[in-house]
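Worksheet for the structure shown next.
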Amino acid sequence: MTGPDERELVVRAFDLGLTLESGQFFRYERRGEAYRLVVRDRVFELRQEGDHLRYRGVDEAFLVRFLGLDRDSDLARRRLRRHAWLRPALDHARGLRIVRQDLWECLVGFLCSAVSNIPRIRRNVEDLAALYGRRVGSGDLVARALPRPGKIRNDGSLRSVRLGFRGQRLLELQQRVDEDWLQSLEALPAADQRRWLMTLPGVGEKVADCVLLFALGRDEAFPVDVWIRRVIEARALRRKAGFDKIREWASSTLGGDAGYAQQALFVWARHTGRGALSHDEPPSRGASRPNRTRGASGAR
DNA sequence: ATCCAGGGGGATT
DNA sequence: AATCCCCATGGA
């Protein structure tokens, strides 16, 4: 079904499915060969065929910025290749991009991410939108937007979303920020952005770094979750280390490319399961090996 | 049944 | 500054 309103864009070094399904962004839904996304009041569909990206429901300028197509991922990947231990992850993550999403929506998503998993986070944000969001889109591209700060009712209805202990944090979060707060944060230096983000309920170092990387365009941010801790300990440091030490080490080693490295490691570790986490084999060059040890496919 | 999931926050050591 | 524990669900 190629509507007359469908347009296309030539893309290179880009894998739509890998980028969308890498856990940076949660409001997407597969529709056959296409993906339907909701970003604030935009509802749009994307479909990749080789180096052609077909899209409808958005304008090109927004799409290019949102998908990070205006940034030189090849350059970052070439610099990162100097680190031999990163090569398997980079090879696996060909076409990966770092998205640049809405600040508030990113905050909500990663607030919901605490001790959760991607399918559940996606369900949580969909439920929030269904319950509190206003109708957006037009034609066959209609959906509910994620509620803006203050629009989540504090009347007990939130419990139907089954957020667990994250529910109260979300209610407190929407009281602490408003559109002005969010807008002024964007103009601050990165260190200040991080500090202010961490004053918010439910936002610690990891969530703050996710927001810096996936919404504020801070390429040096390096979110450390359990997967990243394990894969860094196994493949790079080759010893145990705490979250703090890993952050420091990655930041000083990877610098401005840390964020891309982190996301490549994340998708690689999840797709290869235990293979990415074993200390025994030296980091081999060559492509990703489908090294799943028994049903340990914690990801898809 | 038991463990763990893209953590945060407060208390204790 | 490192460690413990709890937070509420859900899926394996």
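Every value quoted in this text rests on a predicted model; they were computed, and no experiment measured them. Just so we're on the same page: letters track the sequence lines, and every chain starts at 1. The figures here come from the full heavy-atom set of this structure, side chains too, leaving out hydrogens, waters and symmetry mates.
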Atom pair distance, as rounded to whole Å: [atom1] in [X] and [atom2] in [N]:
{"X": "A:Arg176", "N": "B:dG9", "atom1": "CZ", "atom2": "C1'", "answer": "13 Å"}
{"X": "A:Lys245", "N": "C:dA1", "atom1": "NZ", "atom2": "P", "answer": "11 Å"}
{"X": "A:Ile118", "N": "C:dG11", "atom1": "CD1", "atom2": "P", "answer": "15 Å"}
{"X": "A:Asp225", "N": "B:dG8", "atom1": "CG", "atom2": "C1'", "answer": "14 Å"}
{"X": "A:Glu205", "N": "C:dA1", "atom1": "CD", "atom2": "C1'", "answer": "12 Å"}
{"X": "A:Leu96", "N": "B:dG6", "atom1": "CG", "atom2": "P", "answer": "17 Å"}
{"X": "A:Phe243", "N": "B:dG9", "atom1": "CZ", "atom2": "P", "answer": "15 Å"}
{"X": "A:Leu170", "N": "B:dG7", "atom1": "CG", "atom2": "C1'", "answer": "15 Å"}

Describe the nucleic acid contact of A:Glu172 in one word from base, sugar-phosphate, nothing, applying a heavy-atom distance below 4.0 Å.
nothing
What nucleic acid atoms does A:Gln168 come within less than 4.0 Å of, heavy atoms only: base, sugar-phosphate, or nothing?
nothing
According to a cutoff of under 5.5 Å between the ring centres and under 30° between the ring planes, does A:Phe266 stack with the base of B:dG6?
yes
Does CZ belonging to A:Arg65 count more than 12 external heavy atoms closer than 6.0 Å?
no
For [X], what residues pass the side-chain contact (heavy atoms from CB on, under 4.5 Å) criterion, not counting sequence neighbours?
{"X": "A:Ala258", "answer": "A:Phe222, A:Leu254"}
{"X": "A:Arg135", "answer": "A:Arg144"}
{"X": "A:Glu172", "answer": "A:Gln168, A:Pro201"}
{"X": "A:Asp41", "answer": "A:Arg134, A:Val136"}

Determine whether a donor-acceptor pair (one donor, one acceptor, N or O, separation below 3.5 Å) exists between the side chain of A:Gln263 and the base of B:dG6.
yes
Can you find a donor-acceptor pair, distance only, under 3.5 Å between A:Lys206 side chain and B:dG6 base?
yes
Would you jot down, in residue-number order, the residues of residues 197-204 of chain A having a non-hydrogen atom under 4.0 Å from DNA chain B?
A:Leu200, A:Pro201, A:Gly202, A:Val203, A:Gly204
Extract all donor-acceptor atom pairs below 3.5 Å that involve side chains of residues 124-131 of chain A and protein atoms in other chains or at least two apart in sequence.
from: A:Asn124; atom 1: ND2; to: A:Val161; atom 2: O; distance (Å): 3.4
from: A:Glu126; atom 1: OE1; to: A:Arg27; atom 2: NH2; distance (Å): 3.0
from: A:Glu126; atom 1: OE2; to: A:Arg27; atom 2: NE; distance (Å): 3.0

[atom1] spacing across the pair [N] / [M], given as an integer number of angstrom:
{"N": "C:dC5", "M": "B:dG6", "atom1": "P", "result": "23 Å"}
{"N": "B:dC3", "M": "C:dA8", "atom1": "C1'", "result": "15 Å"}
{"N": "C:dC4", "M": "B:dC4", "atom1": "P", "result": "15 Å"}

Suppose the criterion is salt bridge (charged side-chain N to carboxylate O under 4.0 Å, His left out): which pairs have a residue in residues 98-121 of chain A, not counting sequence neighbours?
A:Arg40-A:Asp102, A:Asp102-A:Arg148
Applying ring pair (Phe, Tyr, Trp, His ring centres under 6.0 Å) to A:Tyr260 and not counting sequence neighbours gives none
Residues in ring pair (Phe, Tyr, Trp, His ring centres under 6.0 Å) contact with A:Trp249, at least two apart in sequence or another chain
A:Trp85
At under 4.0 Å between heavy atoms, which parts of nucleotides 5-10 of chain C does protein reach? Answer with one letter per nucleotide, 5' to 3': B base, S sugar-phosphate only, - none.
--BBBS
Keeping the roles fixed (side chain from A:Gln101, backbone from A:Leu103), state whether a donor-acceptor pair exists under 3.5 Å.
no
Contact under 4.0 Å: A:Arg122 side-chain N or O vs B:dG6 OP1/OP2
no
Quick one: stems involving DNA chain B, counted as three or more successive Watson-Crick or G-U pairs, both distances short of 3.5 Å.
B:2-5 with C:9-12, B:7-13 with C:1-7
The complete set of side-chain hydrogen bond (donor to acceptor under 3.5 Å, both in side chains) pairs with one or both residues in residues 213-223 of chain A, sequence neighbours excluded, reads A:Arg71-A:Asp219, A:Gln193-A:Arg218
Using side-chain heavy atoms (C-beta onward) and a distance below 4.5 Å, is A:Val177 in contact with A:Leu185?
no
